[in-house]
Amino acid sequence: MEICFTLPILLCHVTGSLSFPFFFTVRSAFFSLKSAPRVDHSRTEPETETERRSGAADMTSTFEQMRANVGELLRGIDRYNPENLATLERYVETQARENAYDLEANLAVLKLYQFNPAFFQTSITSQILLKALTNLPHTDFTLCKCMIDQTHEERPIRQILYLGNLLETCHFQSFWQGLEENRELIDGITGFEDSVRKFICHVVGITYQNIDRRLLAEMLGDQTDVQIRSWLSKYGWTENEDGQIFVYSQEENVKPKNIVEKIDFESVSSIMATSQ
């Protein structure tokens with residue numbers, strides 16, 4: 001539908017003492033007033049694989065955007081601004097939920113807690129320590145626990161420090177027993193147990209040449225036969241009929257190192273002169 005109307009616009013154009021009114025006719029075309037197509041919100045079918053992948057991509061892009069924003073925030077003096085704590089704490093929770101990790105941001109949170117003890121959050125600190133454990137054998141856990149004041153070592157933090165010590169000293173069976181007694185510690189930490197099992201497999205790979213299947217199952221937290229086979233496949237380990245798992249030939253890992261020392265005459269001439 002087309003509508004024509006006159007819009008009076010008075011322009012005062014001053015030339016000497018005269019003013020001239022001008023009227024402009026404006027022709028405007030409007031879109032037809034047909035109703036827009038309705039959106040059906042009553043859909044109850046499960047989402048398709050494409051939609052699930054799209055949602056996962058959006059989640060990843062959201063986290064990457066948050067990582068970029070936090071990276072900008074940590075540059076310069078704003079790194080120590082306590083007003084940024086809320087943003088950094090949300091970022092820690094996102095890492096736990098999305099199975100992501102950013103050590104630099106987590107250390108910045110702990111440093112702000114050192115400077116501002118009144119803002120200390122036990123739950124956030126616990127998540128930071130647990131995420132550091134998922135990055136073993138790197139020393140992130142040691143870095144984080146050294147930035148926590150002893151006055152803040154309350155029960156959840158104390159328990160996490162104890163579990164971390166069991167992992168670092170390779171008391172894996174005791175670790176799983178302690179974790180079973182404190183399952184609430186890892187609520188909301190996505191992928192925590194599998195990350196720990198990867199670390200255990202790393203230790204087994206550099207320590208054992210052959211290991212009993214039952215012992216490996218205990219070290220991995222009493223895994224089922226199907227789960228054990230999946231870890232064997234992941235690391236290329238093989239099992240024989242006696243239940244022994246061949247891990248790695250450690251002799252193949254021994255690399256001889258030739259040490260060559262070059263000593264010129266000038267460096268020893270003074271010693272020879274004093275010995276005469």
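No experiment lies behind these values; they were computed from the predicted model shown.
Under the 3.5 Å distance criterion, the side-chain polar atoms of N116 are matched with a main-chain donor or acceptor of L112. Side-chain N or O atoms of T94 include one that pairs as donor or acceptor with a backbone N or O of R90 at under 3.5 Å. N84 places a side-chain N or O within donor-acceptor distance of the main-chain N or O of D78, the cut-off being under 3.5 Å. Of the possible polar contacts, one joining the W176 side chain to the M219 backbone as a donor-acceptor pair under 3.5 Å is found.
Atom OG1 of T134 sits about 11.5 Å away from atom CD1 of I186, to the nearest 0.5 Å. Distance SG/C144 to NZ/K131: 12.0 Å, rounded to 0.5 Å. Distance CG/L107 to CD1/I128: 8.0 Å, rounded to 0.5 Å. Distance check, rounded to the nearest 0.5 Å: CD of E98 to OH of Y91 gives 11.0 Å. Between the CG atom in D212 and the CG atom in N210 there is a gap of 10.5 Å [rounded to 0.5 Å]. Rounding to the nearest 0.5 Å places CG of N69 at 11.0 Å from CG of L74.
The closest side-chain heavy-atom distance from P137 to F199 is below 4.5 Å. Counting only heavy atoms from C-beta outward, the side chains of N182 and E184 approach each other to under 4.5 Å. Side-chain contact between F172 and V203 is present, with heavy atoms from C-beta onward closer than 4.5 Å. Residues F175 and H171 fail the side-chain proximity criterion, which asks for heavy atoms closer than 4.5 Å. By the 4.5 Å heavy-atom criterion applied to side chains, E93 and E89 are not counted as neighbours. Annotation: side chain of T224 is not in contact with side chain of R229 (no heavy-atom distance under 4.5 Å). In this structure, the side chains of Q209 and V247 stay at 4.5 Å or more apart for every pair of heavy atoms. Contact annotation: the side chain of L167 never approaches that of L163 to less than 4.5 Å [non-hydrogen atoms, C-beta and beyond].
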request  = Let me see the working for V70 and L88 under side chain to side chain contact (heavy atoms under 4.5 Å, CB included), right down to the final yes or no.
outcome  = CA-CA 7 Å; V70 170; L88 293 173; 3.7 Å; yes
query = What's the verdict on side chain to side chain contact (heavy atoms under 4.5 Å, CB included) for F192 and N99, showing C-alpha distance, side-chain angles and the deciding distance?
reply = CA-CA 8 Å; F192 176 81; N99 196 16; over 6 Å; no
Audit row: F119, Y113, ring-ring contact (aromatic ring centres under 6.0 Å, His included) steps and yes/no = CA-CA 6 Å; F119 295 153; Y113 286 160; 8.5 Å; no
query = So L73 and R79, side chain to side chain contact (heavy atoms under 4.5 Å, CB included) or not? Walk me through it.
reply = CA-CA 6 Å; L73 185 146; R79 183 187 188 95; over 6 Å; no
task = Step by step, work out the side-chain hydrogen bond (donor to acceptor under 3.5 Å, both in side chains) result for Y101 and N135.
result = CA-CA 9 Å; Y101 187 58; N135 205 38; 4.6 Å; no
task = Show your working on side chain to side chain contact (heavy atoms under 4.5 Å, CB included) between E168 and T142 and close with a plain yes or no.
result = CA-CA 10 Å; E168 289 180 321; T142 301; 3.4 Å; yes
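Contact detail for I157 and F120: the closest heavy-atom pair is CD1-CZ, 3.8 Å. The two atoms that bring W237 and V204 nearest to each other are CH2-CG1, 3.8 Å, heavy atoms only. Considering all non-hydrogen atoms of both residues, T122 and P156 come closest at CG2-CG, 3.6 Å. Closest non-hydrogen pair, P117 versus H152, comes out as O-NE2, 4.3 Å. Nearest approach of L220 to R197, heavy atoms of both residues: O-NE, 2.7 Å. The heavy-atom pair separating I228 from Q223 by the smallest distance is CD1-CB, 3.8 Å.
Ion pairing between E193 and R183 holds under the 4.0 Å rule for side-chain N and carboxylate O. Note on E72 versus R67: no salt bridge recorded, every NZ/NE/NH1/NH2 to OD/OE distance being 4.0 Å or above. A salt bridge between R213 and D225 is present, with a side-chain N of the basic residue lying under 4.0 Å from a carboxylate O of the acidic one.
Side-chain atoms of N106 and Q127 form no donor-acceptor pair, as typed in the model, at a separation below 3.5 Å. No hydrogens or angles considered: nothing links the side chains of Q227 and S230 as a donor-acceptor pair under 3.5 Å.
Residue Y235 qualifies as enclosed at atom OH: its count of foreign heavy atoms under 6.0 Å is above 12. For E83, the CD atom sits in a loose shell: 12 or fewer heavy atoms of surrounding residues, nucleotides or ligands are nearer than 6.0 Å.
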